[in-house]
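Structure first, then comments.
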Protein chains: 2
Amino acid sequence: MLNNTHTLFHGIHQLSRELSKQVNEALEPFGLYSAQWAVLYVLKEKGTLTQKELCHYLAVEAPPMTRTIQRLLKQEYIEQQTGQDKRKKYIHLSTKALKEFPNWELAVNKANQALLTSFPDNSQEELQNLITEWLRTIKQKEQ
Amino acid sequence: MLNNTHTLFHGIHQLSRELSKQVNEALEPFGLYSAQWAVLYVLKEKGTLTQKELCHYLAVEAPPMTRTIQRLLKQEYIEQQTGQDKRKKYIHLSTKALKEFPNWELAVNKANQALLTSFPDNSQEELQNLITEWLRTIKQKEQ
DNA sequence: TAAAAATAGTTACTTAGGTAACTATTTTCG
DNA sequence: CGAAAATAGTTACCTAAGTAACTATTTTTA
């Protein structure tokens, strides 16, 4: 183990906040925030999902997901349907959201690219691998 | 740039939350939270600091720092003094905090070690370097 | 089959960080 | 010197995620 884990941990927190800040800034013109964007992005990829499934994909607990869902419903960017099992709520993007999506994606990608310029491609890849690997070992312990 | 930056960004957020959660759990028996611990740790290292300086070291804005300081004051783990410049507030650990500090440190180090077992030393080092480097390039753009 | 357990989602309240607008000092400079 | 600008910290209000306790269904099981 490193002699000083605090530096590593602090760096990760700092980075996380920095990235959120930039993405929020990019989404500001659209009246969206990073938590909402995360949900919209997954729904675009996966189509229809229950809230439970959304929680799983985003590794977030149910209460914050309920809140984000409620905001997106109010903005009419998603629609909710109940099926056979009346406990479950199936969520999918509205046509309004599908129409706006490319603009949001462009803004977010631009912000992400800005954050990554002068950070080499191979470093990004390596970072990605290390983070995935560390998360995997942590999750392994939890179950 | 990677074809999918979202995965990388999401991984960092997830990791950040996971680490906080574990540290908070470790500090729970002492009635402390991660934000407070961060301040206590820096004060132990640096001795006396103004709130401004604390903000700088922890890369946090002034308002959250004020809140954390006020909680630590109430718990009598820090003391506040004003000097020549009456705007500045000099903060240092109380004797009570200095006495307790080793116990806190032990608990946090144990939690950190638990998070890092089965994540190789050289991977940690590499991760540390990549994060530091990325943060550096981001900060460079901001100024 | 009826009671108990599990599941999906919500509500209330918590920590943690952010910005904007404010007060109270100190420094700058016309 | 005195007004304007800068600095340190606080207050109010925002997003974001967490836990605990709750409701409403569905599944298990005795």
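On a predicted model such as this, the values are computed, not experimentally measured, just so you know.
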So, for A:E79 and A:L73, which heavy atoms are closest and what is the spacing to 0.1 Å?
-> CA-CD2, 4.2 Å

Rounded to the nearest angstrom, tell me the gap between atom CD in A:E25 and atom P in D:dT15.
-> 16 Å

Check whether any side-chain N or O of A:S34 sits under 4.0 Å from OP1 or OP2 of D:dA16, and answer yes or no.
-> yes

Assign A:S20 to base, sugar-phosphate, or nothing according to its heavy-atom contacts below 4.0 angstrom with the strands shown.
-> nothing

Reckon B:T68 touches a base, only the sugar-phosphate, or nothing at all at heavy-atom distances under 4.0 Å?
-> nothing

Could you work out which one of D:dT19, D:dA17, D:dG9 sits closest to the side chain of A:V60?
-> D:dA17

To the nearest 0.5 Å, what is the distance between CG (B:L15) and NE2 (A:H13)?
-> 8.5 Å

Heavy-atom closest pair, residues B:V108 and A:H6 = CG1-CE1, 3.9 Å

B:K96 NZ: over 12 foreign heavy atoms closer than 6.0 Å = yes

Taking only side-chain nitrogens and oxygens of A:Q51, does any of them come within less than 4.0 Å of OP1 or OP2 of C:dT10?
-> yes

If each of B:M65 and A:N24 is mapped to the nucleotide of DNA chain D with the nearest heavy atom, which maps nearer the 5' terminus, i.e. the 5' end?
-> B:M65

Roughly, in whole Å, what's the span from CG in A:L27 to P in C:dG18?
-> 18 Å

Please list, for nucleotides 11-14 of chain D, all pairs of protein and nucleotide N/O atoms separated by less than 3.5 Å.
residue, atom, partner, partner atom, Å
D:dT11, OP2, B:Q70, NE2, 3.3

Figure out the CG/P separation between B:L49 and D:dA8, and round it to whole Å.
-> 14 Å

Could you pull out the closest heavy-atom pair between B:L58 and A:H10, with the gap in Å?
-> O-NE2, 3.1 Å

In this structure, which one of A:L98, A:L93, A:L72 forms a side-chain contact (heavy atoms from CB on, under 4.5 Å) with A:L43?
-> A:L93

So, B:T117 versus B:Q113: side-chain donor-acceptor pair below 3.5 Å or not?
-> no

What are the residues of residues 79-94 of chain A, sorted by number, that bring a heavy atom to within less than 4.0 Å of DNA chain C?
-> A:R87, A:K88, A:K89

Does the pair A:Q128 and A:T132 meet the rule for a side chain to side chain donor-acceptor pair (under 3.5 Å), with working shown?
-> CA-CA 6 Å; A:Q128 169 79 72; A:T132 305; 3.2 Å; yes

For this output row, return yes or no: ring centroids of A:W37 and B:F9 closer than 6.0 angstrom.
-> no

Report the distance from atom CG of A:L54 to atom P of C:dA8, rounded to the nearest whole Å.
-> 13 Å

Report the distance from atom CD of A:E18 to atom C1' of D:dT15, rounded to the nearest whole Å.
-> 16 Å

